[in-house]
Protein chains: 2
Amino acid sequence: MKKKKTTIKDIANVLHISAAAVSKALHDDSRISDKTKIAVRQVAENLQYQPNHLASALRSGKSHLVGVIVPRTNSNFFSSVIQNIEEVLNKKGYNIIITQSNESYQKECDSIDTLLYTQVDGIIASMANETVDLSAYEKIKSKGIPLILFDRGENDLNVDYIGIDDYNSSHLIVEHLVNNGCKRIAHIGGYKRTRIFNNRIRGYTDALKKHQLPLDEELLTESGLTIEDGRVKMLELLSLATPPDAVYVAGDHAALGALQVLKEKNIKIPEEIALVGFGNEPFTDMVTPRITSVHQHSVEIGKQAANAFLKYVDRDTIDQQLNKIILDAKLIVRDSSNKKTSL
Amino acid sequence: MKKKKTTIKDIANVLHISAAAVSKALHDDSRISDKTKIAVRQVAENLQYQPNHLASALRSGKSHLVGVIVPRTNSNFFSSVIQNIEEVLNKKGYNIIITQSNESYQKECDSIDTLLYTQVDGIIASMANETVDLSAYEKIKSKGIPLILFDRGENDLNVDYIGIDDYNSSHLIVEHLVNNGCKRIAHIGGYKRTRIFNNRIRGYTDALKKHQLPLDEELLTESGLTIEDGRVKMLELLSLATPPDAVYVAGDHAALGALQVLKEKNIKIPEEIALVGFGNEPFTDMVTPRITSVHQHSVEIGKQAANAFLKYVDRDTIDQQLNKIILDAKLIVRDSSNKKTSL
DNA sequence: TACCTTTGTTTAAACGTTTAAGCAAATATA
DNA sequence: TATATTTGCTTAAACGTTTAAACAAAGGTA
């Protein structure tokens, strides 16, 4: 019942030439006559020939497949990065395999195994939040497969990295809040063990010092930055003896949770408490009040990550010239923190 | 420089046995002694052996890869479907390759070619909005590769399909609006050529008849259902001689656009105009007022789609017993349409 | 004429597996 | 004891390509 697929040999038989000639004709080899090439292409068309990737990849040692690992795809940031990686790589004849870790270390390891097993030519990844053991990533490196990290990276791995300047973003945010008259700025941060969140925390504390604001331990919290985390941490901040007059949340989802709590408590935003998120997810512009956030240049990150990979395949000599690209983030000021225009 | 990878032969050489024995040992073949199996596994571990998918897939004719085509991944619906497809298939030893069509027919065709080229064992797809030419999908069928459609399907293709009951969902919505006292219900619909949107439109008109409401042509519009489309269509409806007192939008993003316009015009929701969306995207629960919407059972759809595929691989005889699974959708009533509880 | 090049092709091996078939040794059966 | 069965392996072919090497024929050069 199952249709058997047309191979290069079937084409060869029709034309009474060798399979090798067909292969070369299809690859436009200069040593094949135009007559033969035209005939081959014609027959290939007629027989609905579909090249077998498995065979060619096995023989040539190049799969032309690139694995992409993201914590999840249902965020605008990751989905946009992926789209741009794909765009750049498709042009160069590469296809991508997307896998989601769902922020799980175990799933991430499985994904890596699958990708290695599938013989991808390279891996572009953003690490799960809970990932601390880097051995799975070391494995990629040890196999000599190009590895590029973006957003959630790790210095210790010593691989290419594309991301935004998290440290400086915190400075931008604090500065913006100070300019809006805030004096007691809290930070609902991510876990310090994740490099980007650590950088945001460092940026936050250093910026406070710079502006000679009190560095109050109870104003700095760590969490997984889910909506629920945002709610819980906001409630905690509100119950302090002296609550903050501004909250900088290291992720938009948690910022949304915080916003919900503030609205439920009828606290005026930004007058009583100003709010800033991170990531510029579309919903920050949809809710009331619209949330100030940081745009992470997903388009640029995607393109740069793809290009970083392409650099590896272009050169045969792997002279490990590391690329660390840090882009400047952009603060998108909206109602939730802008006291000046809301007057 | 490039590390060369360990193969089955390397393991064989170490143990002075044949490659075939190693292959069988790794597959736990009953004809291999436990002693050998243990030894093989040990050496495989030591040499960091990684099976080569290309070789085994080529030889066995089964890639254990399933292609998934979606219009986009940055919607909660598709991302959730994907996650559940993956979950079910992983358990059975399959991995998935995700591709996005970005609602483009051309990109969809490219994706299909890539997937066929990659020798996937099956394809699970949701069609792009603009797709009308089905030849690319016919190609999949003609190669004898299992094809399962979900959400955005096509009856003419005669393949398995999993989706919700769009026609009936419209009835639920209209009924709900009628119960809330609405008498002039508009529909901002998708393009009629897409089956699901056509069904929603049919459901809308039939439900109006059923409740003896006027079927006004100017209250029914078609569009691509982007946020901007929602804005434009809402503005049009407001400029009518007698504007509607309820608007049923066939997609949440367009519903959001409509909501923005209503808020800008200071129109009371739901008192003056009630609003209902479709898809139950997370943001419907985040905005003010929260938008009533239809939950599409993404979890169930993902699982069922994966199982539909698995049915094909389990049986060798392809006795084309078609699965058409239509799930009941669920109306999630929120502030934007609920006049009773908002009193 | 003899030799070199170019053109267009074929041959054969290789990529890393799987698997049908074969076979020797050990064990069971009669 | 002779024969059958089971156990545990080996051999070799195959999957569909690519590619290095070989080579015949045609054309060019000295």
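Reminder, nothing fancy here: chain letters follow the sequence lines and each chain counts from 1.
The CD-C1' distance, from A:Q119 to C:dT17, rounds to 11 Å in whole Å. The distance from atom NZ of A:K35 to atom P of C:dT7 is 17 Å, rounded to the nearest whole Å. The interatomic distance linking B:L54 (CG) with D:dT18 (P) rounds to 13 Å, in whole Å. For A:H27 and D:dT19, the NE2 to P distance is 7 Å, given to the nearest whole Å. Straight-line distance from the CG atom of B:D28 to the C1' atom of D:dC9: 16 Å, rounded to whole Å. Straight-line distance from the OH atom of A:Y117 to the P atom of C:dG16: 15 Å, rounded to whole Å. The CG-C1' distance, from A:L116 to C:dG16, rounds to 16 Å in whole Å. In this structure, A:I32 places its CD1 atom 13 Å from P of D:dT19, rounding to the nearest Å.
Taking 4.0 Å as the cut-off between side-chain N and carboxylate O, A:R195 and A:E154 do not count as a salt-bridged pair. Ion pairing between a basic and an acidic side chain is recognised when a charged N comes within 4.0 Å of a carboxylate O; B:D113 and B:K139 show such pairing. For B:D160 and B:K324, the salt-bridge test fails: no basic side-chain N is under 4.0 Å from an acidic carboxylate O. Between A:E87 and A:K303, at least one side-chain nitrogen of the basic residue sits less than 4.0 Å from a carboxylate oxygen of the acidic one, meeting the salt-bridge criterion. B:K107 and A:E86 are joined by a salt bridge, as a carboxylate oxygen and a charged side-chain nitrogen come within less than 4.0 angstrom of each other.
Distances shown here put every side-chain N or O of A:S60 at or beyond 4.0 Å from the OP1 or OP2 atom of D:dT18. Of the side-chain N and O atoms in B:Y49, one or more sit less than 4.0 angstrom from OP1 or OP2 of C:dT17. In this structure, A:H53 does not reach the D:dT17 phosphate: none of its side-chain N or O atoms is under 4.0 Å from OP1 or OP2. For B:S18, a side-chain nitrogen or oxygen approaches OP1 or OP2 of D:dT10 to under 4.0 Å. For D:dT7, the OP1/OP2 oxygens have no side-chain nitrogen or oxygen of B:S30 closer than 4.0 Å.
In terms of polar N and O atoms assigned as donor or acceptor, the side chain of B:K9 never comes within less than 3.5 Å of the base of C:dT17 in a complementary pairing. A donor-acceptor contact under 3.5 Å is not formed by the side chain of A:K62 with the base of D:dT18.
The listed nucleotides are C:dG16, D:dG8, D:dT18; the one nearest the side chain of B:S33 is D:dG8. Across C:dG16, D:dT17, C:dT9, the shortest atom-to-atom separation from the side chain of A:L58 is found for C:dG16.
Among the atoms of the strands shown, base atoms are found under 4.0 Å from some heavy atom of B:S23. Counting non-hydrogen atoms under 4.0 angstrom, A:I17 reaches the backbone sugars and phosphates but no base.
Neither side chain, B:Y161 nor B:N323, offers a donor N or O lying under 3.5 Å from an acceptor on the other. Between the side chains of B:S135 and B:D133, at least one donor N or O sits under 3.5 Å from an acceptor N or O.
The backbone N or O of A:S56 lies less than 3.5 Å from no partner atom in the side chain of A:K62, so there is not a single donor-acceptor pair.
Comparing A:P51 and B:K24 along DNA chain D, the residue whose closest nucleotide (by nearest heavy atom) sits nearer the 5' end is B:K24. Of the residues near DNA chain D, B:R59 and B:A20, the one whose nearest nucleotide (by heavy atom distance) lies more toward the 5' end is B:A20.
At its two ends the helix from C:dT1-D:dA30 to C:dA30-D:dT1 runs along axes set 50° apart, each axis drawn from five pairs and the angle rounded to 10°.
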